[in-house]
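One structure below.
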Number of protein chains: 2
Amino acid sequence: MVVVQVGEDEVDRLFQALADATRRDIVSRVLVAEYTVSGLAEQYAMSFAAVQKHVAVLERASLVTKEKRGREQIVRGRVDAVQRARRLLDEYEHIWRQRIDRIGDLLAEDASDQD
Amino acid sequence: MVVVQVGEDEVDRLFQALADATRRDIVSRVLVAEYTVSGLAEQYAMSFAAVQKHVAVLERASLVTKEKRGREQIVRGRVDAVQRARRLLDEYEHIWRQRIDRIGDLLAEDASDQD
DNA sequence: CTGAACTACAACCATACGGTTGTACGTTAC
DNA sequence: GTAACGTACAACCGTATGGTTGTAGTTCAG
């Protein structure tokens, strides 16, 4: 089977983390440069705690890492998680291509294929 | 800029739709073959209405289409939506590569680059 | 040492989500 | 025409989500 062998709930967390504009913006920022949590919070019109929660969601989804440096916490983006998400979508496209191939097969053979 | 020009809430819907294992399974099925809604519902240990809701979420995210045929509704996967999601993630990787390039620049030049 | 800065976390609120059951309506079959 | 099928949708429930404020613990500066 072509089904990916990553934990389903892990994938859930990945896409769920990406399903918020603020979080996607955070990801694109921390992929470019390092930010402290408060440095990120300054960028958005919401409370510090709200941004803190967003970062926590991203961390649980492995999209960012936090590293304590003195009294501040450095946030960095993890491109490998992004790549994994992209690869999952690649698989869907691959499945779809097989469908196209199968249509070709059906046209070539008899139409007696059901399951 | 490399920033994609798709509505943010549209992207929200896309990733949010993908953030559920049942919905991802539906997508992979309807990318391979056509299903009726009740045909899909048979595949899962949940009520028909629950599956119906999942399909509605996928439809709102443009990941599937529904086409009425007689008394049944045919569900098909839209690979273009999958591709768009994949392309969004591609951009994140691209941003990340630019960061790598920038690090190279900093090493080559003087370290007087801040913003 | 004291105060300010950075973070963590709990409590709370409104809303959305995933699931259920029940009802209603168009379509097919007999 | 009637019964069964496929679908749509509303109402409801428990829980998760995204936001807030408030409190408390570390760490840095003076």
Side-chain angles (χ1 to χ4, degrees), chain A residues 7-30 33-77 85 114, chain B residues 7-30 33-77:
Chain A
E8 289 289 351
D9 48 352
E10 203 176 334
V11 183
D12 285 9
R13 272 180 258 133
L14 228 184
F15 284 122
Q16 227 251 317
L18 289 170
D20 182 281
T22 303
R23 285 197 292 264
R24 285 193 303 274
D25 193 76
I26 291 177
V27 168
S28 59
R29 285 181 188 274
V30 297
E34 298 179 353
Y35 277 81
T36 64
V37 179
S38 54
L40 282 171
E42 291 171 6
Q43 312 290 329
Y44 307 100
M46 65 183 75
S47 69
F48 172 82
V51 175
Q52 204 178 9
K53 279 192 183 182
H54 281 308
V55 173
V57 170
L58 291 171
E59 192 183 18
R60 273 191 34 195
S62 304
L63 278 164
V64 306
T65 57
K66 281 196 303 186
E67 184 194 344
K68 202 169 182 180
R69 189 166 68 189
R71 67 178 157 185
E72 39 192 29
Q73 197 93 247
I74 306 300
V75 184
R76 296 192 187 85
Q114 274 301 321
Chain B
E8 289 288 351
D9 48 352
E10 204 176 335
V11 183
D12 285 10
R13 272 180 259 133
L14 228 184
F15 284 123
Q16 228 251 317
L18 290 169
D20 182 279
T22 302
R23 284 196 294 263
R24 286 193 303 274
D25 193 75
I26 291 177
V27 168
S28 59
R29 284 181 188 274
V30 297
E34 296 179 354
Y35 277 81
T36 64
V37 179
S38 54
L40 281 171
E42 291 171 6
Q43 311 292 329
Y44 306 100
M46 65 183 73
S47 69
F48 171 81
V51 175
Q52 204 178 8
K53 279 192 183 181
H54 281 308
V55 173
V57 170
L58 290 171
E59 191 183 19
R60 272 191 34 197
S62 302
L63 278 164
V64 307
T65 59
K66 281 196 301 185
E67 184 195 343
K68 202 169 181 177
R69 189 166 66 190
R71 68 178 158 183
E72 37 193 30
Q73 197 92 247
I74 306 300
V75 184
R76 296 192 186 85

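Letters A, B, ... are given to chains in the order of the sequence lines, protein chains preceding strands, and every chain is numbered from 1.
For the OP1/OP2 pair of C/dT20 and a distance below 4.0 Å, the side-chain nitrogens and oxygens of B/Ser47 include at least one atom meeting the criterion. Using a 4.0 Å cut-off, some side-chain N or O of A/Lys66 falls inside it from OP1 or OP2 of C/dA8. An OP1 or OP2 oxygen of D/dT7 is reached within less than 4.0 angstrom by no side-chain nitrogen or oxygen of B/Gln52. For the OP1/OP2 pair of D/dT7 and a distance below 4.0 Å, the side-chain nitrogens and oxygens of B/Ser38 include at least one atom meeting the criterion. For C/dC17, the OP1/OP2 oxygens have no side-chain nitrogen or oxygen of B/His54 closer than 4.0 Å.
Nearest-nucleotide positions on DNA chain C place A/Gly39 closer to the 5' end than the other of B/Val51 and A/Gly39. In this structure, A/Lys68 and A/Ala49 both approach DNA chain D, and ranking their closest nucleotides by distance from the 5' end singles out A/Ala49. If A/Arg71 and A/Ala19 are placed on DNA chain D by their nearest nucleotide, the residue sitting closer to the 5' end is A/Ala19.
Note on A/Arg69: nothing from the nucleic acid sits closer than 4.0 angstrom, heavy atoms only. Residue A/Thr36 is in sugar-phosphate contact alone, with no base atom involved, counting any heavy-atom pair closer than 4.0 Å across all strands shown. Within the 4.0 angstrom heavy-atom criterion, only backbone atoms of the sugar-phosphate kind lie near A/Gln16; the bases stay farther away.
The existence of a salt bridge linking A/Asp20 and A/Arg24 is excluded, since no basic side-chain nitrogen approaches an acidic carboxylate oxygen closer than 4.0 Å.
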